[in-house]
There are 2 protein chains.
Amino acid sequence: MSDLGWELSTASVLFHEAVARRLGLTAVEHKALGMIVRGGPLPAGALAPQLSVGASAVTGIVDRLVRAGYVERRPDPDDRRRVLIAATADRPDLSAIFADLTREMGTVVARYDAEQLATIADYLEHTIAVLRAQTAKLSDPA
Amino acid sequence: MSDLGWELSTASVLFHEAVARRLGLTAVEHKALGMIVRGGPLPAGALAPQLSVGASAVTGIVDRLVRAGYVERRPDPDDRRRVLIAATADRPDLSAIFADLTREMGTVVARYDAEQLATIADYLEHTIAVLRAQTAKLSDPA
DNA sequence: GTGAATAGTTTAGTGTCGTGAAATACCTGG
DNA sequence: CCAGGTATTTCACGACACTAAACTATTCAC
């Protein structure tokens, strides 16, 4: 059982690596892209702390993402100093990857009834909470 | 539901990164260490393809792991050209991390009865299979 | 309105990591 | 025993990506 958890964790990491490699992105760039896709348009400065890099490094990271066509810089209407980084609308390779994954996961989920799904969701939630807590503990100079 | 899966995936990746950072290892070094800890003593050459680096790079990677005290080089009695990389017996920080995680995951697992655990295990197995298949597809020049 | 603070970029410099070729040691087939 | 192949290391080189500090533009506080 704990073996399965570890295998899943490893499989997740390998999958992330494979995606990054496929997209031609480094780990940090991939992470940044993930934040942008999820979090909507973000100011450049918001990325620096989460990526654990200096503000000046963000410029280069965004440059590469822009050059690769994954994001675009938009001026922030509210604050003309800021630059909002937004995911570009059309990213065929990226959506292909996730469409594939979503479809496959759909067939997995279809194996279970509502009650079983509730159990699985409960397990996932608690596992996520544990992982986040452990991550926080590791990051802190405890 | 698919949100949960994605969150778990992200949490796993962040956890792995936190572990690597805590141990003072780069992503490749951490990956190599994982292979060695799991797969028992491995010849240096076996690491190169899985890490996607050349054979000469492995020397440096192992050097850093040795210097940090996580692994040691052993001569292979069967083939004196080879060098087996083995995990060192005493790695207090490393076992502390995993002891903590294992304990917490134990309390999560304790929430369910045998039937529920079977469902969860089934879900994990199938999810792992999907992730591995997708990873393979991405890595292949399909 | 002026001065300090903020957002982002630029530049120069540094460090690190990986590649590729050559070197060493060893195994193996004939 | 010798030739060719394999496992690992060494070395010189090149490529990136990050940091730190200086620079520009803009906002905000008083």
Side-chain angles (χ1 to χ4, degrees), chain A residues 16-18 20-36 39-87 139, chain B residues 13 16-18 20-36 39-68 70-87 139:
Chain A
H16 273 251
E17 284 179 4
R21 177 161 307 189
R22 176 68 153 219
L23 300 180
L25 301 176
T26 67
V28 196
E29 288 155 15
H30 184 210
K31 194 171 172 181
L33 179 56
M35 292 174 59
I36 295 159
L42 289 173
L47 298 173
Q50 300 236 29
L51 299 176
S52 309
V53 298
S56 62
V58 175
T59 302
I61 292 167
V62 173
D63 278 350
R64 280 164 247 147
L65 289 177
V66 168
R67 204 171 305 137
Y70 295 115
V71 304
E72 59 187 8
R73 286 187 166 92
R74 290 165 156 267
D76 184 340
D78 294 343
D79 185 338
R80 294 211 300 265
R81 290 170 304 180
R82 280 199 221 177
V83 175
L84 293 178
I85 319 295
S139 306
Chain B
V13 173
H16 273 252
E17 284 179 4
R21 177 161 308 192
R22 175 67 153 218
L23 300 180
L25 302 176
T26 67
V28 198
E29 288 156 13
H30 185 209
K31 194 171 172 180
L33 178 56
M35 292 175 59
I36 295 160
L42 289 173
L47 298 173
Q50 301 235 31
L51 299 175
S52 310
V53 297
S56 62
V58 174
T59 302
I61 293 167
V62 173
D63 277 350
R64 282 164 245 146
L65 288 177
V66 169
R67 204 170 306 136
Y70 294 116
V71 304
E72 59 187 6
R73 286 189 167 91
R74 288 164 157 269
D76 184 340
D78 294 343
D79 184 340
R80 294 212 299 264
R81 290 170 304 178
R82 280 199 229 182
V83 174
L84 294 178
I85 319 296
S139 306

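Below, chain A is the first sequence line, B the second, and so on; all start at residue 1.
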| message | Run Ile85(A) and Val66(A) through side chain to side chain contact (heavy atoms under 4.5 Å, CB included) and show every step you take. | response | CA-CA 9 Å; Ile85(A) 319 295; Val66(A) 168; 5.9 Å; no
| said: Just the rounded figure in Å: distance from C1' of dA15(D) to CZ of Arg64(A). | reply: 12 Å
| What's the CZ-P distance between Arg67(A) and dC16(D), to the nearest Å? | 11 Å
| request: Let me know the distance between CD1 of Ile85(A) and C1' of dT9(C), rounded to the nearest Å. | output: 12 Å
| request: Report the C-alpha separation of Ile36(B) and Tyr70(B) in whole Å, then their side-chain angles, then the decisive distance to 0.1 Å, and conclude whether the side chain to side chain contact (heavy atoms under 4.5 Å, CB included) test is met. | output: CA-CA 10 Å; Ile36(B) 295 160; Tyr70(B) 294 116; over 6 Å; no
Listing, residues 39-61 of chain A side-chain donor-acceptor contacts under 3.5 Å, not counting sequence neighbours, or none:
unit_1: Ser52(A); atom_1: OG; unit_2: Arg21(B); atom_2: NH1; d: 2.9

| message | Measuring to OP1 and OP2 of dT8(D), would you say a side-chain N or O of Arg73(B) lies under 4.0 angstrom away? | response | no
| Pair Val13(B)-Glu17(B), side chain to side chain contact (heavy atoms under 4.5 Å, CB included): steps then yes or no | CA-CA 6 Å; Val13(B) 173; Glu17(B) 284 179 4; 3.8 Å; yes
| said: Measure CD1/Ile61(B) against C1'/dA7(D) and give the value in whole Å, please. | reply: 16 Å
| query | Which letters describe nucleotides 19-30 of chain C, given B = protein heavy atom under 4.0 Å from base, S = only from sugar-phosphate, - = neither? | reply | BBB---BBS---
| query | Rounding to a whole Å, what distance do you find between Leu47(A):CG and dC18(D):C1'? | reply | 16 Å
| task | Just call it for Val58(A): base, sugar-phosphate, or nothing, with non-hydrogen atoms closer than 4.0 Å on any strand. | result | nothing
| message | Could you tell me how far apart Asp63(A) (CG) and dC18(D) (P) are, to the nearest whole angstrom? | response | 12 Å
| query | Can you find a heavy atom in the side chain of Arg73(B) that is under 4.5 Å from one in the side chain of Asp63(B)? | reply | yes
| Contact class for Gly45(A) vs. all strands (heavy atom < 4.0 Å): base, sugar-phosphate, or nothing? | sugar-phosphate
| Among dG8(C), dT9(D), dA17(D), the nucleotide that comes nearest once only the side chain of Thr26(A) is considered | dA17(D)
| message | Which heavy atom of Glu29(A) sits nearest to which heavy atom of Thr26(A), and what is that distance? | response | OE1-N, 3.0 Å
| task | Provide, to the nearest angstrom, the distance between the CG atom belonging to Leu25(A) and the P atom belonging to dC16(D). | result | 14 Å
| field | Minimum heavy-atom distance Arg74(A)-Ala86(A), with the two atoms named | value | CD-CB, 3.7 Å
| field | Spatial distance of atom CZ (Arg64(A)) from atom CG (Leu25(A)) [nearest 0.5 Å] | value | 10.0 Å
| Rounded to whole angstrom units, what separation is found between the CG atom of Leu51(A) and the P atom of dT19(D)? | 10 Å
| note | Rounded to 10°, the angle between the first-five-pair and last-five-pair axes of the helix from dG1(C)-dC30(D) to dG30(C)-dC1(D) is 30°
| said: Please identify which of these residues, Asp79(A), Asp76(A), Asp78(A), meets the side-chain contact (heavy atoms from CB on, under 4.5 Å) condition with Leu84(A). | reply: Asp76(A)
